[in-house]
Peer 1: 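The following block contains the structure, expressed as structure tokens.
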Number of protein chains: 2
Amino acid sequence: MSKDKKISTSECGNRSTCPLTNTLDLIGDKWTLLVIRDMLFIGKKQFGDFLDSPEGISTNILTERLKRLEKNGVIEKRPYQKNPVRYEYFLTNTGNALKPVLMEIAGWGSVHIEGTKGPTKKELEAMRKQYTQ
Amino acid sequence: MSKDKKISTSECGNRSTCPLTNTLDLIGDKWTLLVIRDMLFIGKKQFGDFLDSPEGISTNILTERLKRLEKNGVIEKRPYQKNPVRYEYFLTNTGNALKPVLMEIAGWGSVHIEGTKGPTKKELEAMRKQYTQ
DNA sequence: CGGCATCCGCCTCGATACTG
DNA sequence: CAGTATCGAGGCGGATGCCG
């Protein structure tokens with residue numbers, strides 16, 4: 001097992017090159033993913049919508065995640081009222097491109113992790129109705 | 001010891017468990033993913049192979065991740081020598097089913113995260129040769 | 001209510017030493 | 001080389017309070 005010079009790009013995995021670790025550094029933690037999931041599949045938009053999720057994200061975490069996602073071009077915000085200014089958050093094209101990614105992940109989990117079960121389409125639809133106009 | 005994992009609080013929507021968060025609770029952290037990536041795309045099998053990764057996983061972390069993956073049916077181990085017993089680790093069908101998942105994630109990262117670049121096919125092939133017989 | 005800042009406990013990881 | 005044990009440091013996240 002020649003342990004001498006390996007391939008120069010063996011650095012896949014450090015933060016700058018490997019697409020896998022890069023992606024998961026960005027969206028791979030629990031809270032970020034919940035936010036994106038709720039935007040993508042349920043249609044949530046406002047700060048309070050995310051806070052209301054049964055998982056109970058706290059405000060500072062939510063704030064920080066929204067900022068990170070915005071900074072990385074996954075979401076954008078747009079004011080929907082002034083005085084005081086309030087923002088709606090929505091996915092950019094980049095963010096929407098995550099849909100097949102999430103579905104692939106969820107699909108694997110549904111099949112291979114026991115006890116895992118997403119909401120039915122009917123439940124999804126009902127949830128979505130609460131947030132989309 | 002067996003200090004339980006944080007798999008506890010991932011409730012999705014209703015009381016049913018969310019396949020997204022479940023999956024990422026299992027494989028979503030940095031080190032677990034690197035192990036799976038190396039098995040899946042490079043063909044690494046042995047403890048030392050993973051240790052040699054340029055990211056520098058430490059032995060206790062590696063041990064813990066391998067155990068968790070085995071416990072969850074993603075990998076299995078098989079002794080390849082006795083006295084002392086040494087194990088090879090390999091993906092189960094469940095584990096192999098992660099391939100499209102990882103590729104989807106990596107695909108998104110390649111396109112949407114700047115500066116992200118995986119190894120070329122040629123480099124991948126070269127890496128693989130070191131570990132597969 | 002929407003959003004931010006601070007404090008602090010706990011968990012995770014990394015380093016290291018040790019066994020077979 | 002394969003794997004275990006221990007311990008300290010740092011970061012994440014929960015609680016809370018403040019401000020517009």
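Remember, predicted model here, so these are calculated numbers, not experimental data. Chain A is the first sequence line, chain B the second, and so forth, proteins listed ahead of strands; every chain is numbered from 1.
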Peer 1: Between B/D29 and B/R68, is there a side-chain N and carboxylate O pair less than 4.0 Å apart?
Peer 2: yes
Peer 1: Could you tell me the separation between the OH atom of B/Y87 and the P atom of D/dG3, rounded to a whole number of Å?
Peer 2: 8 Å
Peer 1: Using atom CZ of A/R65 as one end and atom P of D/dG11 as the other, report the distance to the nearest whole Å.
Peer 2: 14 Å
Peer 1: Under 4.0 Å between a Lys/Arg side-chain N and an Asp/Glu carboxylate O for B/E123 and B/R128?
Peer 2: no
Peer 1: Could you point out which residue of A/D38, A/D52, A/D49 forms a salt bridge (charged side-chain N to carboxylate O under 4.0 Å, His left out) with A/K44?
Peer 2: A/D38
Peer 1: Atom CD of A/E88 to atom C1' of C/dG2: distance rounded to whole Å?
Peer 2: 13 Å
Peer 1: For A/K77, which contact category applies under a 4.0 Å heavy-atom criterion: base, sugar-phosphate, or nothing?
Peer 2: nothing
Peer 1: To the nearest Å, how far apart are A/I61 CD1 and C/dC4 P?
Peer 2: 13 Å
Peer 1: How would you label the contact of B/N60 with the nucleic acid (heavy atoms, under 4.0 Å): base, sugar-phosphate, or nothing?
Peer 2: base
Peer 1: Checking contacts here: which listed nucleotide (D/dA2, D/dT4, C/dG14) is nearest the side-chain heavy atoms of B/T63?
Peer 2: D/dT4
Peer 1: Verify whether one side chain among A/Y80 and A/Q46 offers a donor that lies under 3.5 Å from an acceptor in the other.
Peer 2: yes
Peer 1: Whole angstroms only, please: what is the CG-P distance between B/N83 and D/dC1?
Peer 2: 18 Å
Peer 1: Does C/dG14 have OP1 or OP2 sitting under 4.0 Å from an N or O in the side chain of B/W31?
Peer 2: yes
Peer 1: Identify which one of B/T92, B/V74, B/L91 satisfies the side-chain contact (heavy atoms from CB on, under 4.5 Å) criterion when paired with B/L69.
Peer 2: B/V74
Peer 1: By nearest nucleotide on DNA chain D, pick out whichever of A/G56 and B/V85 is the more 5' one.
Peer 2: B/V85
Peer 1: Nearest to the side chain of B/T59, heavy atoms from C-beta on, is which of C/dG3, D/dT4, C/dA15?
Peer 2: D/dT4
Peer 1: How close or far is atom C1' of C/dC1 from atom CD of A/Q81, stated in whole angstroms?
Peer 2: 9 Å
Peer 1: Using atom OH of A/Y89 as one end and atom C1' of C/dC1 as the other, report the distance to the nearest whole Å.
Peer 2: 13 Å
Peer 1: What is the distance, rounded to the nearest whole Å, between atom CG of B/L51 and atom C1' of C/dC13?
Peer 2: 15 Å
Peer 1: Taking only side-chain nitrogens and oxygens of B/Q46, does any of them come within less than 4.0 Å of OP1 or OP2 of D/dA2?
Peer 2: yes
Peer 1: Counting side-chain heavy atoms from C-beta on, which of D/dG13, D/dA2, D/dG20 comes nearest to A/R86?
Peer 2: D/dG20
Peer 1: Could you tell me whether A/F50 contacts a base, only the sugar-phosphate backbone, or nothing, with contacts defined as non-hydrogen atoms closer than 4.0 Å?
Peer 2: nothing
Peer 1: Among D/dG14, C/dG14, D/dA2, which nucleotide has an atom closest to any side-chain atom of B/K30?
Peer 2: C/dG14
